[in-house]
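Notes follow once the structure below has been shown.
The chain is numbered in sequence order, starting from 1.
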Amino acid sequence: MRKTALATALLAVSALLTAPASAVELGRQTLPAGDGWGSEGAGTTGGSAATTTYTVSTRAQFVAALAAPSPKIIYIKGVIDGNTSDTGAQLTCASYATGGYTLAGYLAAYDPATWGTADPSGPMEDARAASAAAQTAHIKRKVGSNTTIVGLRGATLRGFNLHVDKADNVIIRNITFEDAYDCFPQWDPTDGATGNWNSLYDNISVTGSTHVWADHNTFTDGTNPDSSQPVYFGRPYQVHDGQLDITNGSNFVTVSWNVFRGHDKTMLIGSTNTPTQDLGKLKVTVHHNAFDTTLQRLPRVRFGQVHVYNNYYEIPDPADFVYALGVGVQSQIFAENNFFRLGRAIDPATLLFNWGGTALTTRGDVLRVGGKVTPINLVGVYNAKNDPDFLPDAGWTPTLHTTIDPAEDIRRSVSRHAGAGEIS
């Protein structure tokens, strides 16, 4: 009996290991071997070994599950709003405001016409910071090591900032992330030539973490898009930061089959030009994602060896578009077989932007303007209109990647299969 039971168990384990991903319970699926930088070393398995799983449908349940011991698998059911109380009551910006903060009071206090270009300080800035801290404590939730968070059909996390901080081995899949809005943006009069509003929250922030897989998610600002925000002090009132930012020495990350839609600052890889913790890290793979009417940081890179392949870029309007690939300090972007669909008024030379970088590799990319698809040499097109030139060699060649599909096929495959609800 004992031998029979052991043989049966071994057959069951063998079947699980050899079964296609679709035959394995969604929360126990792991990043396939060779699928980008996230598969380096031991790979990314998340909470697949968990003996306990959690299915959550309220903020309170989600917060409790995040705090539970690892390994763990958390299934998201339905729509969970981060800006709700423990009893489920809807919270507004007024719910977090403290110390006498009001937007009208803040605008009056720091109007550049009277305040000048000094950093905001004093009672109203103190009140803004305290109010922001109250919102942060409520909506910014940490994700620990050996965790899988996966959405059941229709799952949405609204108004949350998931913070993967100093963690290892995290999987986040099949979730719509919606509108991580900041109630209390800060005015920075020295940001840029005329100042800018800066907000705090990403949908997902990955800081100081390793082996992370973000797959088949949809990122959107929902009914509160950047384009609908007012203008104060001559600058857009920015209530969103990134959709998926990877910073602070994070390493070995795969970002695959996601949809990023209708957003300004989309994906930042490396947040500082100071290389203290980033040298030799920020190794990220970005493949088979859709960037739909997104304005910049697709992605913007500092330091990292970042493989950007088989992504679909839909960029229809030049009015707000800034750039696609941001080439930052000591970055090593290797971009290949991407599909760029541009509106007729968009200059292809703006697809790259120089943030202090010197070189990148681009090959096999295609451009569609109108109905015609043609090859595009991104570096060559950029160099023809800009100085200094980019060197055409990032100095490395990726080896960890899935099959690299012909660029001409990417619009169709990514449009059909990327985003939440599209895991086969």
Residue pair R141 / N161, side-chain donor-acceptor N/O under 3.5 Å: no
D264/R297 ion pair, N-O < 4.0 Å: no
I'd like to know if the side chain of H287 pairs up with that of D35 as donor and acceptor (distance under 3.5 Å, no hydrogens or angles considered). yes
Checking T285 against Y309: is there a side-chain donor and acceptor pair closer than 3.5 Å? no
Is it the case that N196 and Q238 place a side-chain donor and acceptor less than 3.5 Å from each other? no
Just by distance, with hydrogens left out, do N310 and N337 show a side-chain donor and acceptor under 3.5 Å apart? no
Donor on one side chain, acceptor on other, T247 and D245, under 3.5 Å: no
Cut-off 3.5 Å, side chains only: do W213 and S256 have a donor facing an acceptor? yes
For the residue pair E125 and Y101, confirm or rule out a side-chain donor-acceptor distance under 3.5 Å. no
Donor-acceptor pair between Y181 and S199 side chains, under 3.5 angstrom: no
Can a donor-acceptor pair be found, under 3.5 Å and without considering hydrogens, that links the side chain of T84 to the backbone of D81? yes
For T210 and D168, which I'm curious about, is there any donor-acceptor pair between the side chains at under 3.5 Å? yes
So, for F160 and I80, which heavy atoms are closest and what is the spacing to 0.1 Å? CE1-O, 3.5 Å
Less than 3.5 Å apart, any donor N or O on the side chain of D317 or T293 sitting next to an acceptor on the other? no
Exam field: side chain S228 to backbone N224, donor-acceptor pair closer than 3.5 Å: no
Going by distance alone, is a donor N or O of one side chain under 3.5 Å from an acceptor N or O of the other, for D202 and Q243? no
Quiz question: by atom type and distance under 3.5 Å, do the side chains of D165 and T207 form a donor-acceptor pair? yes
Distance-only side-chain donor-acceptor flag, H240 / Q229, under 3.5 Å: no
State whether the side chain of T136 and the backbone N or O of A132 hold a donor-acceptor pair below 3.5 Å, judged by distance alone. yes
Looking only at side-chain N and O atoms, does H263 offer a donor or acceptor that is under 3.5 Å from a partner on D221? yes
Within the side chain of T294, is there an N or O that forms a donor-acceptor pair under 3.5 Å with the backbone of G262? no
Of D292, T220, T218, the residue whose pairing with R261 passes side chain to side chain donor-acceptor pair (under 3.5 Å): D292
For V381, does its backbone N or O pair with a side-chain atom of K385 as donor and acceptor, under 3.5 Å? no
With a 3.5 Å cut-off and no angle check, do the side chains of W187 and Y237 form a donor-acceptor pair? no
